[in-house]
Amino acid sequence: VQLQASGGGLVQAGGSLRLSCVASGKISRINNMGWYRQAPGKGRELVADVSYDGATNYADFVKGRFTTSRDNAKNTLYLQMNNLKPEDTAVYSCNADGISYNNGVPTTWRYWGQGTLVTVSS
C-alpha cells in the first residue's frame, strides 16, 4: 500500500489550498484516514481525520477553517484549507489504516504518505 499526497504550495495569508492523498495497492478497506502536519522545529500534530463512514475529528486550531473528506470509491482523502495563516506553514502528511486480504488471509496495516509542503506568507 502506498499513499501519495499532493496539493501543497505557496499561498498568501487568507488564501486557500486543497490537499489530496491517494491510497493505492492491494486494499480491501481503509478504516481511518488522517492529515498530520509538522512545522519547522516542532513535532508532528494531528490536523484532522475521518473514519470510513465519514465521521470527522479536527484539531482546535483548524476548526472552522479546514474541512476533511474522503471518497471511498477512489481511496482518496482531501483537506480543504481556507483562511490560511502563516502559522499553518508546515509539511502536511497523510496517514491511513486498513485491511487487505491475501489468499483469504486478512492483514491489517497502517501507512504514511510522503509530505507536501504548505507555505503561507504574511
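These numbers come from a predicted model, not from an experiment. Heads up: numbering here begins at 1 and tracks the sequence.
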Are [Y] and [X] linked, directly or through intermediate hydrophobic residues, by side-chain heavy-atom contacts shorter than 4.5 Å (ILVMFWY only)?
| X | Y | value |
| --- | --- | --- |
| Tyr36 | Val1 | no |
| Trp35 | Phe61 | yes |
| Val120 | Leu19 | yes |
| Ile27 | Tyr111 | yes |
| Val11 | Val62 | yes |

For [X] and [Y], which heavy atoms make the closest approach, and how far apart are they?
| X | Y | answer |
| --- | --- | --- |
| Leu3 | Cys21 | CB-SG, 4.0 Å |
| Ala90 | Arg37 | CB-CB, 3.9 Å |
| Ile30 | Ala23 | CD1-CB, 3.7 Å |
| Asn82 | Ser16 | OD1-OG, 2.9 Å |
| Met33 | Asn75 | CE-O, 4.2 Å |
| Arg65 | Asn83 | NH1-O, 3.0 Å |

Would you confirm whether Gln114, through its side chain, and Ala5, through its main-chain N or O, come within 3.5 Å as a donor-acceptor pair?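 Judged by distance alone, yes, a pair lies under 3.5 Å.
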Counting only N and O atoms by type, is there a donor-acceptor contact under 3.5 Å from the side chain of Ser100 to the main-chain atoms of Lys26?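 Checking the backbone N and O of Lys26 against the side chain of Ser100, a donor-acceptor pair under 3.5 Å is found.
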Answer yes or no: are there more than 12 heavy-atom neighbours, outside Gln2 itself, under 6.0 Å from its atom CD?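 No, because the 6.0 Å sphere around CD of Gln2 holds 12 heavy atoms or fewer from other groups.
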Shared-cluster residues of Tyr101, by chain and number - hydrophobic side chains joined below 4.5 Å: Ile99
Can you list everything that forms a side-chain hydrogen bond (donor to acceptor under 3.5 Å, both in side chains) with Lys74? Sequence neighbours excluded, please.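 In terms of side-chain hydrogen bond (donor to acceptor under 3.5 Å, both in side chains), with neighbours along the sequence ignored, Lys74 is linked to no residue.
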Taking atom [atom1] of [X] and atom [atom2] of [Y], what is their separation to the nearest 0.5 Å?
| X | Y | atom1 | atom2 | result |
| --- | --- | --- | --- | --- |
| Ser20 | Leu79 | OG | CG | 9.5 Å |
| Asn95 | Trp112 | CG | CH2 | 4.5 Å |
| Cys94 | Asp49 | SG | CG | 13.0 Å |
| Lys63 | Thr56 | NZ | OG1 | 9.5 Å |
| Asn72 | Arg29 | CG | CZ | 8.0 Å |
| Leu17 | Met81 | CG | CE | 4.5 Å |

Tell me whether the rings of Phe66 and Tyr92 are parallel (<30°), tilted (30 to 60°) or perpendicular (>60°).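 If you compare the ring of Phe66 with that of Tyr92, the planes turn out tilted.
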For side-chain contact (heavy atoms from CB on, under 4.5 Å), just list the numbers for Ser93 and Val91, CA-CA rounded to whole Å, side-chain angles, deciding distance to a tenth of an Å, and then say yes or no. CA-CA 7 Å; Ser93 302; Val91 174; 4.3 Å; yes
What I want to find out is whether Lys85 reaches Asp88 closely enough, with some N-O distance under 4.0 Å, to be called a salt bridge.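 Asp88 and Lys85: not salt-bridged.
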Quick one: does Leu77's side chain get under 4.5 Å of Thr68's, heavy atoms only?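 Yes - at least one pair of side-chain heavy atoms lies under 4.5 Å apart.
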Asp71 side chain reached by Tyr78 side chain, heavy atoms, under 4.5 Å: yes
